[in-house]
Amino acid sequence: MSMLLEVSGVTVTFDGFRAINNLSINFAKTELRAIIGPNGAGKTTFMDIVTGKTKPDEGRVIWGDKNISLLGMSESQIAREGIGRKFQKPTVFEAQTVRQNLAMALKTPRGPFAVLMHKKTKTNAERIEAVAEQIGLTDSLTRVAGELSHGQKQWLEIGMLLAQEPRLMLVDEPAAGMTPEEREKTTDILKEAAKTRAVVVVEHDMEFVRRLDCKVTVLHEGAVLAEGSLDHVTSNQTVIDVYLGRAHA
Amino acid sequence: MRKTFISQNPSVLWFILALAIFTVVVTILSEVTGIGLISTSFVKTLGKTLCLCLVAIAMDVVWGYCGILSLGHFAFFGIGGYAVGMWLMYARTEGIVIESLAGQPLPPTPQEISDAIGNQIFGVVGSSEFPLIWGFADSLFLQLLMVILVPGLLALVFGWLAFRSRVTGVYLSILTQAMTLALALYLFQNDSGLRGNNGLSGLQNIPGYEDTSQAVISIVFFIASAIALAAGYIFFAWIVSGKMGSVVKGIRDNEARVRFLGYHVESYKLFIFTTTAVVAGIAGALYYPQAGIINPGEIAPIASIYLAVWVAIGGRGRLYGAAIGAAFVSLLSSWFTGGGAPNINLGFYVIQWTDWWLVLLGFSFVAVTLFFPKGIGGLFDLLVRKQQ
Amino acid sequence: MFRLLSLALTLWLTIPAVAVAQSLQDILQTHNEEVLNPGRQSVSVVLDDLIASGLPQALPFLEAWRDREIVQRSTDGLFFRAAEAGGTITLTDLDTAEVVGTSVSAELTESRPNGGVRRAIGDALVQFQLSDPDISRRQAAVDAIARSMDASQLAPLAASIAAEPDPDLKEVKTRLAGMLGALFAETQEARIAAIEALSGDLSVDVRAVLNTILATSPGVAVSVPEGANIAQVLVVGTDLSATDAYTRLVAAELAPALIPNNAIRDALVANIDGGMVGGLPVASLDTDAARATAYDTLAAAGTVAPRVTAEQQAEAVAAHTFYLQYAEPDPVITDAARFALDAIETKVALSQTVDLGLDALSLASIYFLAAIGLAITFGVMGVINMAHGEFIMMGAYTGFVVQQFVPDYTLSIIIALPLAFAITFGAGVTMERLVIRHLYHRPLETLLATFGISIALQQLAKNIFGTQARPLTSPEWLDGALVFNDVIAISYIRIAIFVLALLFLALILFVLKRTRLGLEVRAVTQNPGMAASMGINPDRINMLTFGLGSGIAGIAGVAIGLYAKVTSEMGADYIVQSFMTVVVGGVGNVWGTLAGASLIGFLQKGIEWLNPSNTLAAQTYMILFIILFIQFRPKGIVALKGRAAAD
């Protein structure tokens, strides 16, 4: 099976500090993957590299069937290639309605003139409603996003990701600050999304990761430490050392 | 489409209606109809105010909607004025020169005419050569094209450079201010080819209409300004109301998010920056024939900052707010500084508003920023809410 | 150098030997005829002998002679000085200066030197004055010689050097003699030696002397004349435009003059005949071509001089050689002068570079002072303070007000500096508490609100102090300049500003790196949330930082006021440059501000040097450069790295 995204031998240095150290990691076309690791393991930097925010010092990032390199592409180009990203802090456009937020994310031509001449169509309205349904915000479509609860904002951002119809979704701590019920719903949304695309979830919360019930990659000091099921990695002695501190190492 | 646009933006309809009524009333009360309740010079003031409203809504789009606090839009306004002023000055001087040369025994050659015009226009800066930039000054059409092209190209190049390197926020403001300062300093030079400190003058005389009275000319320009304002208002309301508006406001609120949604943020900023610059140029081209004179002082960075002040006082993020702010502050300013406001005698000190107006404006501006961030436009929200 | 000069002097000097004891009257009697009826030629004999005699009484005699007070008594043929008072004429002996008696005009013959003779006497007088016991007269004589250099002055000047008691004046005389020698010494060797001796001197007058030797005049001939000292043969097209070349031919009467367009027009107007001229109707003559045709018709008829065609012009130019010819005929001399001048000019260029560097350094100091306060507030708090320029102005006005009460300038500056700091510190803290505190996280609005304050403060200053510039006088010990040579000089005030800037650099570095406040400030800069959780009160830090930044602006105001004028608009003049300094240098870093100030200071001076006529253009180019610079280093020269720089 050819891979959707292949990251190989990537290294990033900030001021002499190696945030990412010869990292190699692959994702299949449809899968749900959780990335865990202690603070400073390089999880966010990894997402920054894939989405084009940070340029690595060396290494390759190869994408899709045509094996194109994502390095040297701008953030917006990468997003148009089909990589969506949800930030740690929910970032939705609070001054605009839920519908406008989703409409902006909807997969339509992105050029200024196409946008300027954009006309509302029935199909688009249906797509927006479908996404709203998926994230449980159907009743809130006309509300201003700033009025939503924290959990609803998280969902809206996930919904915006879905509306983008990406082939790879990078989701940073989707469950942060959610009630248990909200978490459950978030899990369902992500699992559903992973049926047709790759979904990569960066998470701290082991309970949430267990709920996702998927392959787990442990990052440590900018490299992959272990990979496999949650039970498999949590029984790995080095992983335990890393999480419990390396006093005896 | 048209219907939904208006129904979605009721303020457009109200604004256009108010503007139309205002235009008709002023025209009827002016000296043209013989009623003369409004003097020609006041018609000019009102016409100029409409142009300021136009540049203010352009500023509102770039700042209030797109989040770019440009301190260069009044420079684009000035460039528009210079572009049209060049033709006005050239064509009028040409008329005078041809008339004065007609008395000579030999008919004048093109070179003689050109030399005489050059002497008339540039004698004041000790030159008589026509600079290269006056190459199109004899053609109204080309010079009007310049009104659009020069501010547009300048904004395009500057914006491309600045947005490309991701200069944002206060940095961008300072950079635009630097651009404005560079332009003003350039124009202040005598060898800039635009008469340095003297600027261009006599612009109120329209070539070919020497026999038409200023009363008529002022009304024509007033109506033209009103039409331009209406057109600009509809145009910008259209831009900021649809999906474009969504993206642009998104850029203002969270640039990175828009970028990760797949939009090329720089193109959008460039589009807004350039479009508003062109509109500012057009506003300037209508303003300066009514003002009669333009000089580099008009372009100085302070003017662009005042523009931002008007928009802030009027209320950012709503087009009518910007227009109201520009009209309110600029008219108030001419009332205070023109000696219209009564001095206040405190017994031990007489407050003369010509001296104290700027102090008042400065502090009230601080107060507006602190306590009424929505400006005058915010009052409308209160009214609407009360009715509901 | 002066040893060299004296060596050069000895080469040509022949100091006249004077030993014969005689009286003035004797000399005058010897030249009886020449004294009585002096002519331009004949007077020199008398003057030579008088100078040669070395008699002290010759000086008053010459003055009297010049003033037409010398008479000859016909009874005995003796010369006297005469003074008329109430019809009686008193006679004074020329040697003893004693009154010898009175006389009547009938027995006296006046000596009446004409203008030319009196000038010659005046020259001779200068030579006497060179050895006058009164130093001010000697000084005046030297100045007179320096004003109008003349060959005749060389020998007496050189002769007076050895006996000159004042060392300074001796040096001046030696130098002047050197310059005169270079111009007028009699032998080639002597002149060359003098010229070579000058080559170390950068002063303007030495350069003028060498340029005088190297003065050229343009010439034109069919071929370069034999024996002329040619400086350069000009190539038409590169050294000289074809038009200019032809103009020279016309001036040298080697070619007919061109007929300019207005002459053609006048000629045509003069020959209008019944609506026609040169066979063409007048109304058709609205192009240069038509006028030329008509004129040519007139020329063919012999009515007017024919036009010179372009071919004729080119031919005439090609047939001649254009050159520059030295006024000095001796090529050896001109070569030596050229060599010396080149050497001097290299040194001058070097010195000018150093001088420019010093200028740039002081400008950079001023920008640093103006910007460092802004850099602190901008860097630590992310706040743009548009009223920063007005704080500079407040500092300057503080200095002005203090000087109204404390007349001693030194004391007043010593009082003004801390007072300005205190006042602007207070103003800054007030502004932070009342306005800026409420606008954190809204940087664009802070920019505008502080701009509102800036307008108000500027107008307030205008209302209080008026629009005219107020002086802030520097203490006397800061007047004048430190002079290194004729080119390099730097005024003490600029040195003081430089020192002040260095002091502030040290002070700020000390505060930021070595004090508790600095530690807290840096903590708040890097991570406000973390700093707050560690018990640092960001509110207090912000307030103090803003006060500090504003206070430094006040001190900068006093410094700037000392060398520029104090006006209500002075702050506005510095604000954009200050912003540039901060932005170019990199935000939040003292070294960055230093780098930014240096870059902008040196750049501005550099551009001004390239385009000295136009400071406005220099500023325009500088801003354009900065705009481009930001493209390539958006974070400035000294950029913060890593995550801190991410947003």
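- Atom OH of C:Y621 has 12 or fewer neighbouring heavy atoms from other residues, nucleotides or ligands inside a 6.0 Å radius.
- Checked options C:L439, C:L434, C:I453; the residue passing with B:V366 is C:I453 (criterion: side chain to side chain contact (heavy atoms under 4.5 Å, CB included)).
- Chain C forms the most heavy-atom pairs under 4.5 Å with one residue out of B:A178, B:S192, B:A367, B:A308, and that residue is B:A178.
- Residue with the most contacts toward chain C among B:L361, B:L175, B:L185: B:L185 (heavy-atom pairs, distance under 4.5 Å).
- Only the side chain of B:E112 comes within less than 4.5 Å of a heavy atom in chain C; its backbone stays farther off.
- Counting heavy-atom pairs closer than 4.5 Å to chain C, the top-ranked of the candidates B:Y171, B:F158, B:F363 is B:Y171.
- Summarising the local packing, CD of B:E99 is surrounded by 12 or fewer heavy atoms from other residues, nucleotides or ligands at distances under 6.0 Å.
- C:I384 is listed as a side-chain neighbour of B:I174, based on a closest heavy-atom distance under 4.5 Å.
- When the candidates C:I455, C:V277, C:T287, C:L444 are compared by the number of heavy-atom contacts under 4.5 Å with chain B, C:L444 comes out ahead.
- Of the two parts of B:F188, the backbone and the side chain both hold a non-hydrogen atom closer than 4.5 Å to a non-hydrogen atom of chain C.
- With a 4.5 Å cut-off on non-hydrogen atoms, B:P108 touches chain C through its backbone but not through its side chain.
- Two residues are said to be in side-chain contact when any heavy atoms from C-beta on lie closer than 4.5 Å; B:Q189 and C:T620 meet this criterion.
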Worksheet entry | From CA spacing to verdict: side chain to side chain contact (heavy atoms under 4.5 Å, CB included), B:V170, C:F378 | CA-CA 10 Å; B:V170 285; C:F378 194 13; 3.6 Å; yes
Discussion item. The test is side chain to side chain contact (heavy atoms under 4.5 Å, CB included); show your working for B:T369 and C:R442 and say whether it passes.
Written reply: CA-CA 10 Å; B:T369 318; C:R442 292 196 288 174; over 6 Å; no
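- Contacts of B:P373 with chain C are made by side-chain atoms alone, with heavy-atom separations under 4.5 Å and no backbone atom involved.
- Contacts between B:Q177 and chain C at a heavy-atom distance below 4.5 Å involve the side chain alone, from C-beta outward.
- Heavy-atom distances place no part of C:M622 under 4.5 Å from chain B, backbone and side chain included.
- You'll find the side chain of B:M179 reaches within 4.5 Å of the side chain of C:I627, heavy atoms only.
- In this structure, B:W63 and C:L448 have side chains that are in contact, with non-hydrogen atoms separated by less than 4.5 Å.
- Only the side chain of C:L447 comes within contact range of chain B, judged by heavy atoms closer than 4.5 Å.
- With a 6.0 Å radius and a threshold of 12 heavy atoms from other residues, nucleotides or ligands, C:L628 has its CG atom above the threshold.
- At most 12 non-hydrogen atoms from other residues, nucleotides or ligands lie less than 6.0 angstrom from NZ of B:K374.
- For a residue to count as touching a neighbouring chain, one of its non-hydrogen atoms must lie under 4.5 Å from one of that chain's; by this rule C:L285 touches chain B with backbone and side chain alike.
- More than 12 heavy atoms of other residues, nucleotides or ligands shown are found within 6.0 angstrom of CZ on B:F336.
- When every heavy atom of C:A283 is checked against every heavy atom of B:P107, the shortest pair comes out as O-CG, 3.5 Å.
- Proximity of a side-chain donor or acceptor of C:N463 to a complementary backbone N or O of B:D355 within less than 3.5 Å is detected.
- Ranking C:M580, C:R265, C:R291, C:E445 against chain B, the residue ahead of the rest is C:R291, based on heavy-atom pairs under 4.5 Å.
- With rounding to the nearest 0.5 angstrom, the CD1 atom of C:I264 is 11.0 Å from the CG atom of B:L106.
- If you measure heavy-atom distances from B:R166 to chain C, you find no contacts under 4.5 Å at all.
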